[in-house]
Amino acid sequence: VPGYGDSPPVEMALTAQGRMAFLDRVLQELGMQRPVLISPSMSGRFALPFLLAHGDRLAGFVPIAPVGTKDFTAEQYRPVQTPTLILYGDRDTGLAPQALQNLQHLPKHRVAVLSGAGHACYLDKPEDFHRALLGFLRQLK
């Protein structure tokens, strides 16, 4: 994620509008048509503004305890018709409950909880993660 960890700061990543535009540009450059957007942790700052503005351009959305869910209201989440798999580890007691509380307002969501997994549930329980993800992907049109 630009501007996080060891990556250099990116000026446009300073605002939600800029982060949304950055993600839009990445998808355009890659020539992606209706991708499934997987959003773990810090990437929520990019994915959530994009989902709320352009969810119709996504085939699906898979938030994995993303940051920034509390920045939006239930009223902002409710119109989004993007099929969503809210995925998290049951040992993530920090971000996951808050994300679930906010993201459950997305009308086309389902939830997958990985038992014995923490915040980076895809690293802790990769087989369970892939099983849940592939099951969700198979149900998309």
Side-chain angles (χ1 to χ4, degrees), residues 1-10 12-141:
V1 176
Y4 296 100
D6 293 332
S7 66
V10 175
M12 69 190 309
L14 297 176
T15 66
Q17 192 72 24
R19 291 186 295 271
M20 181 178 60
F22 177 85
L23 181 55
D24 186 36
R25 181 70 185 268
V26 168
L27 296 177
Q28 283 180 26
E29 289 291 322
L30 294 174
M32 301 189 87
Q33 302 286 326
R34 295 192 35 95
V36 173
L37 184 58
I38 300 174
S39 177
S41 198
M42 293 306 287
S43 68
R45 295 256 183 244
F46 290 77
L48 291 168
F50 187 88
L51 173 74
L52 296 180
H54 303 297
D56 58 325
R57 291 175 41 200
L58 299 173
F61 180 57
V62 183
I64 307 167
V67 301
T69 62
K70 69 183 186 313
D71 296 347
F72 305 99
T73 65
E75 291 72 32
Q76 288 174 289
Y77 286 116
R78 285 191 188 111
V80 177
Q81 295 299 306
T82 308
T84 299
L85 174 64
I86 301 169
L87 207 148
Y88 63 94
D90 68 353
R91 291 189 178 164
D92 183 355
T93 57
L95 215 44
Q98 179 184 90
L100 176 62
Q101 180 181 4
N102 295 306
L103 294 173
Q104 69 185 350
H105 297 292
L106 292 167
K108 293 188 173 183
H109 81 272
R110 64 184 237 205
V111 178
V113 182
L114 303 187
S115 180
H119 182 63
C121 61
Y122 42 87
L123 296 178
D124 293 342
K125 298 286 185 168
E127 289 180 16
D128 295 342
F129 170 78
H130 288 112
R131 192 174 302 114
L133 179 60
L134 290 172
F136 174 69
L137 294 176
R138 281 187 201 103
Q139 290 190 335
L140 297 176
K141 295 177 184 170

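Of the inter-residue distances, the one linking Tyr122 atom OH with Ile38 atom CD1 reads 10.5 Å to the nearest 0.5 angstrom. To the nearest 0.5 Å, atom NE2 of residue His54 and atom CG of residue Leu37 are 12.0 Å apart. Expressed to the nearest 0.5 Å, how far CG of Leu95 lies from CD1 of Ile64 amounts to 12.0 Å. One finds the CD atom of Gln76 at 6.0 Å from the CG atom of Leu52 (value rounded to the nearest 0.5 Å). Separation of atoms CZ (Phe129) and CG (Leu87) is listed at 6.0 Å; rounding is to 0.5 Å. Thr69 contributes atom OG1, which lies 10.5 Å from atom CD of Gln104 (distance to the nearest 0.5 angstrom).
For Asp92 against Gly118, the heavy-atom pair with the smallest separation is CB-C, 3.9 Å. Between Pro49 and Met20 the shortest heavy-atom distance is O-SD, 3.5 Å. Scanning both residues, Pro83 and Phe136, for their nearest heavy atoms gives O-CZ, 3.4 Å. The two residues Ala96 and Gly89 have their closest heavy-atom pair at CB-O, 4.5 Å. For Ala117 against Lys125, the heavy-atom pair with the smallest separation is CB-CG, 3.7 Å. Of all heavy-atom pairs spanning Ala59 and Leu140, the tightest one is O-CD2, 3.6 Å.
Checking Val80, Leu103, Leu23 one by one against Leu51, the side-chain contact (heavy atoms from CB on, under 4.5 Å) holds for a single residue, Val80.
Judged purely by atom type and a 3.5 angstrom limit, Asp90 has no side-chain atom pairing as donor or acceptor with the backbone of Val113. When atom types are taken as modelled, the side chain of Arg131 and the backbone of Pro126 share no donor-acceptor pair closer than 3.5 angstrom. Thr84 places a side-chain N or O within 3.5 Å of a backbone atom of Thr82 that can act as its donor or acceptor partner.
Judged purely by distance below 3.5 Å, without hydrogens or angles, the side chains of Asn102 and Gln98 never pair a donor atom with an acceptor atom.
Residues Asp56 and Gln81 form no side-chain contact, since every pair of their non-hydrogen atoms from C-beta on lies 4.5 Å or further apart. Val62 has its side chain out of reach of Ser39: every pair of non-hydrogen atoms, C-beta onward, lies at least 4.5 Å apart.
The aromatic rings of Tyr77 and His105 sit parallel, their planes meeting at an angle under 30°, below the 60° perpendicular limit.
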Query raised in the report: Going through the distances and angles, do Leu114 and Asp124 end up as a side-chain contact (heavy atoms from CB on, under 4.5 Å)?
Result: CA-CA 9 Å; Leu114 303 187; Asp124 293 342; over 6 Å; no
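Remark: Gln28 CD is packed, more than 12 non-hydrogen atoms of other residues, nucleotides or ligands lying under 6.0 Å away. Atom CZ of Arg57 has more than 12 neighbouring heavy atoms from other residues, nucleotides or ligands inside a 6.0 Å radius.
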